[in-house]
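All values derive from a computational prediction rather than experimental measurement.
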Amino acid sequence: MKEFFEQLNSVLSIVAAISDFLWEVPTNWEWYKAIPVFGSFSLAVIVLVGTGIYFSIRLGFIQVRQFKRGMNLLIHRRAASTGISPLAAFFLSSAMRVGPGNILGVTGAISVGGPGALFWMWVSAFFGMAMAYTEATLAQLCKERKGEEFVGGMPFYGRRLLGNKAWIGTILSGVYIFYAMFCLPAQSFNVVSSIGAMGELAAGHPIAAMSAFYVAAACIVLLVAAVMAFGGIKRVSSANNKLVPIMAVVYVVTVLALVFANVNSVPYFFSAVLGGAFQPDAVFGGLFGTVLVQGIKRGLMSNEAGQGTITMSAAAADAKHPCEQGMIAALGVLLDTHVICTMTGFVVIMAHAWTAVPEAWAAAGQLPKFLLSVHVLAPSGITSVILFLLALCFGLFAYTTMIGMITFSEIAVNRISRSRFAANFVRSLGIVVSAFGITVQLAGYDLSNLWAFSDLANIVLVYINVPLLYLGFRHVLKATAHYTATDGSAFSETVTELASSYWRERPVK
């Protein structure tokens, strides 16, 4: 068995090489790298930031112009007669966005690119809000009704934009499901490992990986995940309505407590972030391109703007106007990056652990680096309490992401088949794959290269989704003009020819 996993990990190592190439091309070519300034920008950076800037300009910086309107949509709750409410869709997408990447990704970006990487995460997320708005609006335009639910997202608008061919929707659905299934093992293991960390903190001593405690925790996690997944999107969204606010508030409040306890380090945080963005520290490579790429790459993995992976939740909402959900999706990027990721940045940067304990920092993985930073900042006497709360948040981040991936895969499979068998097959596959991840990791086998697949899948999905956004952008512009000129109601398929028949058949609200 050990030989099998070693061979599997060896095969997956190829994925890491392909992923790095796609993220870095053409900066890994000497002739391109020699170009002043521009040679620091990889194609991925150009595509993501360039698209975000272009959409922001063409939409009149809607992420700023309609910000108040978007906040009002979140504040004023509205029940849904079909599907889920816009607020529930916001929580569902946030459950996917606010995942372990908000800790691991940010820590990784800073450990490779330095504090300045956080600044570029902010910048890319600001322009990414326009991409999130565009893809969520497209998802609403092309959504379809399935009984008492809505289904849609990238596979649906991709099919409509590319000649309405069934095979195109099938391929796009398959790509997302493939991506989700490869990401699930790491998420399920993160849930169980966080429970283990909380158990060890409560017990005051280490707990063996294959102990009855871990086995029981794994069984409970899988059982609860199965109950949630087989309950359908409404059950999942109902749970996320409660979990997302709790985990976000607990994480922010806990980190703010650390910030106030180390308030003298706050000026250093801002000087390090702003200074490091343009004058990288030699400790982290000292290259502007490294800082920039790390900020954008890890920012994308966290907020998923432009990737198409959160469009399923946008389509599931019972919105009065497609652009409503576009604004809510944009606010999701704001919450993920400018709030949650910034909290992680405060901890890692203020602790300055790469100089305080350089040997331990250099040898540690991303999560140990974050925990090491917590130890530096936490006041003596309450360190265990702080670590327990952060372990709880980390587990909730991973759990909601795990359930979200299974649920979104279920929505995506509707583009292939709407049968009960297809939905149950995807749900079952998600649970089995999650169980595989837990079992492999607890048994002590190293499948760390599975994380590389996430990087690869992210950039592949970007290169698929962004061209689709350009193809559909004229329809988004028409819908936006209508949204801006009206009170957001009375939308019909006559506004843009891309709109699905639902917008013709829906009852006036």
Side-chain angles (χ1 to χ4, degrees), residues 100-119 121-122 190 193-194 196-202 204-206 247-277 279-286 291 294-295 298 302 337 339-398:
N102 289 77
I103 293 177
L104 303 181
V106 177
T107 304
I110 294 170
S111 65
V112 176
L118 184 62
F119 174 84
M121 289 182 74
W122 292 340
N190 282 334
S193 64
S194 68
M198 288 186 285
E200 291 180 354
L201 286 167
H205 59 77
M247 68 187 195
V249 169
V250 171
Y251 188 68
V252 170
V253 170
T254 302
V255 172
L256 286 178
L258 289 176
V259 172
F260 286 124
N262 298 271
V263 68
N264 292 336
S265 297
V266 172
Y268 167 75
F269 168 81
F270 287 104
S271 65
V273 171
L274 298 177
Q279 295 180 333
D281 191 324
V283 172
F284 303 99
V291 181
Q294 284 299 314
R298 297 301 166 185
S302 179
T337 305
V339 178
I340 305 296
C341 287
T342 298
M343 293 297 104
T344 302
F346 267 116
V347 173
V348 177
I349 294 169
M350 286 175 60
H352 206 198
W354 54 87
T355 56
V357 276
E359 297 81 7
W361 174 268
Q366 306 313 337
L367 185 57
K369 280 184 170 71
F370 176 75
L371 297 178
L372 180 63
S373 301
V374 173
H375 276 284
V376 172
L377 297 180
S380 59
I382 62 168
T383 302
S384 294
V385 175
I386 296 292
L387 289 173
F388 186 91
L389 291 173
L390 292 176
L392 172 64
C393 292
F394 186 76
L396 290 175
F397 288 176

Where Ala351 and Val376 come nearest, the two heavy atoms and their spacing: O-CG1, 3.6 Å
Euclidean distance, Ser194 OG relative to Leu396 CG, rounded to 0.5 Å: 7.5 Å
Step-by-step side-chain contact (heavy atoms from CB on, under 4.5 Å) determination, Leu256 to Phe346: CA-CA 9 Å; Leu256 286 178; Phe346 267 116; 5.8 Å; no
Ring pair (Phe, Tyr, Trp, His ring centres under 6.0 Å) pairs, two or more places apart, involving residues 363-397: Tyr251-Phe397
Side chain proximity check, Lys369 to Val348, heavy atoms < 4.5 angstrom: no
Note, Leu118 side chain near Phe269 side chain (heavy atom, < 4.5 Å): yes
Closest heavy-atom pair and its distance - Thr107, Ile103: OG1-O, 2.7 Å
CG on Leu387 to CG on Leu371, rounded to 0.5 Å: 6.0 Å
Reported CD1-to-CG distance for the pair Ile382 and Leu389, which is rounded to 0.5 angstrom: 9.5 Å
Nearest heavy atoms of Val347 and Leu377, plus distance in Å: O-CD1, 3.4 Å
Test ring pair (Phe, Tyr, Trp, His ring centres under 6.0 Å) applied to Phe270 - qualifying residues, sequence neighbours left out: none
Main-chain N/O of Thr337 paired with Thr342 side-chain donor or acceptor, under 3.5 Å: yes
Euclidean distance, Met247 CE relative to Ile340 CD1, rounded to 0.5 Å: 7.5 Å
Main-chain N/O of Ala398 paired to Asn190 side chain as donor or acceptor, under 3.5 Å: no
Expected output: side-chain Thr383 to main-chain Ser380 donor-acceptor under 3.5 Å: no
Closest heavy-atom pair and its distance - Ala378, Leu258: CA-CD2, 3.7 Å
Heavy-atom closest pair, residues Ala391 and Met198: CB-CG, 3.7 Å
Closest approach of Ala261 to Pro379 (non-hydrogen atoms, all atoms of both residues): CB-CG, 3.9 Å
